[in-house]
Peer 1: 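Quick one: the structure is below, questions incoming.
Both counts, for ligands and for their atoms, begin at 1 and track the order of listing.
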Amino acid sequence: MLIALIALTVLLALAIVALLLRTPPTQVNSALQVSEERYRNVVEAQTDLICRYLPDTTLTFVNEAYCRYFGRTREQLIGTRFIELMPERDRAKSLDHIQSLIAHPRTEPFTHEVLQSEDKIGWQQWIDHVITDSHGRVVEIQAIGRDVTQLKVAEAETVDRREQITHSTRVAILGQLSSALAQDLTQPLTAILCNAQAAQLLLRRAPIDIEEMQSTLGDIVADNARVSGVITRLHVLLKRNTLVLEPVDVAHLTTEVLDLARGQLVERHIAVIVELAPGLPAVLADRVQLQQVLLNLVSNAMDAMSQNSPQDRKLTVSMSLNEARLVVVSVVDNGCGITPQASQRLFEPFVTTKLQGMGLGLAICRSIVAAHGGDLRAHNNAGPGATFTFSLPVEAQAI
Ligand code: ADP
C-alpha cells in the first residue's frame, strides 16, 4: 500500500514537471502577472499602512491606506522623504532608528509622531524590515504601520488623571493638617507683633539699649523666616506639578515634612524620634512627590496612634543605606497596627478602615515610590504598631 502511494506521488510530480516544461513562455508570464496582481490587491486592500523607502527615507512605494492617511496621491508621495512628514522634534530619533536598523537588522516596533496635516499631529507605530542586495548591503526598507493616535491620547489622559488624583490627595492631606498649620502661622505672626511693639517701646527709652534692640529685631527676622518657610512649603505642595527629578537629601526632606506636620504632632502629643545614618547619599527624586509619600505615612501613623494614651504615642522616622545601595526610610509607630481586614489589600485604592478615609493614600504612595524605581512595604511590629518602609535608588553620581 505504502509503495503504491509513493509510486503514485512520484508519477504525479513527473507529470507536473512535464507539464511545466511544455508550458510556453507567454503562459508563464501571464501566470506571473496574475500572481503579481493578486499580491498588489492584497497590499492595496490593507487598512494597515505599507511603504518602502531608501535609507535616506525617500519613499519608493506607498499603498492606498498610506495615501489616504496623509490625504495625498501616490505621485505626490513617491520620491519625497517621509522624514518631512514628521514634526522636527521627532526627526533625529527616527533617523537614528533607521541607522541602527541598517547596522543591526531586526524586527521591533517603532513609534513616532507624524504631521497628518499642517495642524494635526498623529502617532504611528511601524515595523520595518530591511531588504539587502546580493552583497548583503541594505538597499531598501519595507515597513508596515498603523495609526496609534487614539492609544497615545488615551495614555496621556490616564497620566493626566493620575496626576490629578495624586494632587487631590495631597491637597486632602494638607486639609487635614490645616488647623494645626494655621497655628504654625499665627504663633510666629503674634510673636512678630509683640516683638515689634517691644521695639517701639525700646526706641522711646533713652538711652536706647542697642543690645536688646538687636536681639528683638533678630527674633522678628527668625519668626518671619519660620512663617515664610511654612508658606513656601505649602505653596510647593499645593501647586500641581509634573515630575521633576533632582538630587534630594532625604534627611532634609524629612525635617521639612515633620515641620509641616509639627502642629498636629504637638496637638496629638506625639513624641518624634529621627534616626539618621551619617553620610547618607542623595536620591534622585521628585521632591514634592517624595514629601507627599512621607507626609502620608506620618499622617497615617498619627491616626493609628489616636487610641493610645497621650503619654504613649511615639513616631520614629529612620533612614539608612542598605547593601544594595538603596536609601531605606522607615516610619514606625506604636499604634493599633494594620488590621487583618486592611492587610490583604493595603496598597489597593479605596481600601480604608477610617470613617472619613478615602483609601487612596497608600496606593498613590506605592505608585510614586515605584515610579522612582523603589519599593514600599508594610508590616506589623513585634510589639504594638506598624512599620512602613520605602526604599529609593541612590542618585547615579553618588554611587
Ligand atoms: P486612608 O488613610 O484614607 O484610609 P490609606 O491608603 O492611606 O488611606 O490607608 C489605607 C488603610 O491602611 C488605612 O485605612 C488603615 O487601615 C491602614 N493603615 C495605613 N497606615 C497605617 C498604620 N500606620 N497603622 C495601621 N494601619 C494603617
Peer 1: State the atoms of ligand 1, each with its element, that fall below the 4.0 Å cut-off from a heavy-atom position in A342.
Peer 2: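 Reading through ligand 1 atom by atom, the close ones are 16 (O).
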Peer 1: Which residue supplies the protein heavy atom nearest to atom 19 (C) of ligand 1, what is that atom called, and how far is it?
Peer 2: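 Looking only at protein heavy atoms, the one closest to atom 19 (C) of ligand 1 is N300 ND2, 3.5 Å.
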Peer 1: Between CG of D375 and CZ of R366, what distance do you get to the nearest 0.5 Å?
Peer 2: 6.5 Å
Peer 1: Where's the contact between D333 and ligand 1, heavy-atom distance under 4.0 Å: side chain, backbone, both or neither?
Peer 2: side chain
Peer 1: What protein heavy atom sits nearest atom 24 (N) of ligand 1, and how far away is it?
Peer 2: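 Protein heavy atom with the smallest distance to atom 24 (N) of ligand 1: A304 CB, 3.4 Å.
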Peer 1: May I ask you to say whether R268 pairs ionically with D303, meaning some side-chain N is under 4.0 Å from a carboxylate O?
Peer 2: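 Result for this pair is yes, salt bridge flagged.
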Peer 1: Quick check on contacts: which atoms of ligand 1 are under 4.0 angstrom from a heavy atom of I338?
Peer 2: 25 (C), 26 (N)
Peer 1: How far is atom 2 (O) of ligand 1 from the closest protein heavy atom, and which atom is that?
Peer 2: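 Its nearest protein heavy-atom neighbour is K354 NZ, 2.7 Å.
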Peer 1: Rounded to the nearest 0.5 Å, what's the gap from OG on S94 to CH2 on W126? Could you check?
Peer 2: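 With rounding to 0.5 Å, OG (S94) is 11.5 Å from CH2 (W126).
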Peer 1: Going by the closest heavy atom to atom 1 (P) of ligand 1, which one wins out of G361, S299, G359?
Peer 2: G359
Peer 1: Please list the nearest protein heavy atom to atom 25 (C) of ligand 1 with its residue and the distance rounded to 0.1 Å.
Peer 2: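 Checking every protein heavy atom, the shortest distance to atom 25 (C) of ligand 1 gives G337 O, 3.3 Å.
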Peer 1: Do N381 and N334 have a side chain donor and acceptor closer than 3.5 Å?
Peer 2: no
Peer 1: Same cluster or not: are V230 and V266 linked, directly or through other Ile, Leu, Val, Met, Phe, Trp or Tyr residues, by side-chain heavy atoms under 4.5 angstrom apart?
Peer 2: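 Cluster IDs for V230 and V266 differ.
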Peer 1: For the 3.5 Å polar cut-off, considering only N or O atoms, please tell me whether A363 and ligand 1 meet it.
Peer 2: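 Not met; the criterion fails.
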Peer 1: Of the backbone atoms (N, CA, C, O) and the side-chain heavy atoms from C-beta on, which set of V331 has a member under 4.0 Å from an atom of ligand 1: side chain, backbone, both, or neither?
Peer 2: neither
Peer 1: Of all the non-hydrogen atoms in the protein, which one sits nearest to atom 22 (C) of ligand 1, and at what distance?
Peer 2: F388 CE1, 3.6 Å
Peer 1: For atom 5 (P) of ligand 1, which of the options N334, T169, L362 provides the nearest non-hydrogen atom?
Peer 2: L362
Peer 1: Are any of the side-chain heavy atoms of L376 and F347 separated by less than 4.5 Å?
Peer 2: yes
Peer 1: Distance check, rounded to the nearest 0.5 Å: D286 atom CG versus Q292 atom CD?
Peer 2: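 Spacing of CG (D286) from CD (Q292) equals 9.5 Å.
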Peer 1: Between the candidates T352, L346, N381, which shows the shortest non-hydrogen contact distance to atom 17 (C) of ligand 1?
Peer 2: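 Considering heavy atoms of T352, L346, N381, the nearest to atom 17 (C) of ligand 1 sits in L346.
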Peer 1: Show the atoms of ligand 1 that are less than 4.0 angstrom away from any heavy atom in G357.
Peer 2: 3 (O)
Peer 1: Using a distance-only test with no angle check, is there a side-chain donor-acceptor pair under 3.5 angstrom linking S330 and E275?
Peer 2: no
Peer 1: Quick check on contacts: which atoms of ligand 1 are under 4.0 angstrom from a heavy atom of N296?
Peer 2: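 Selected atoms, number and element: 7 (O).
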Peer 1: Would you mind checking which non-hydrogen protein atom is closest to atom 16 (O) of ligand 1, with the distance to 0.1 Å?
Peer 2: T353 OG1, 2.5 Å
Peer 1: Give, for atom CG of L202 and atom CD of E211, the distance between the pair rounded to the nearest 0.5 Å.
Peer 2: 12.0 Å
Peer 1: Is there a polar contact between ligand 1 and T339, counting only N or O atoms under 3.5 Å apart?
Peer 2: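 For ligand 1, there is no N or O atom that lies under 3.5 Å from one belonging to T339.
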Peer 1: Between E113 and K152, is the closest basic N to carboxylate O distance under 4.0 Å?
Peer 2: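 Answer for the salt bridge query: no.
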Peer 1: Considering only protein heavy atoms, which is closest to atom 10 (C) of ligand 1, and at what distance to one decimal place?
Peer 2: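 Going by distance alone, atom 10 (C) of ligand 1 is nearest to V351 O, 3.1 Å.
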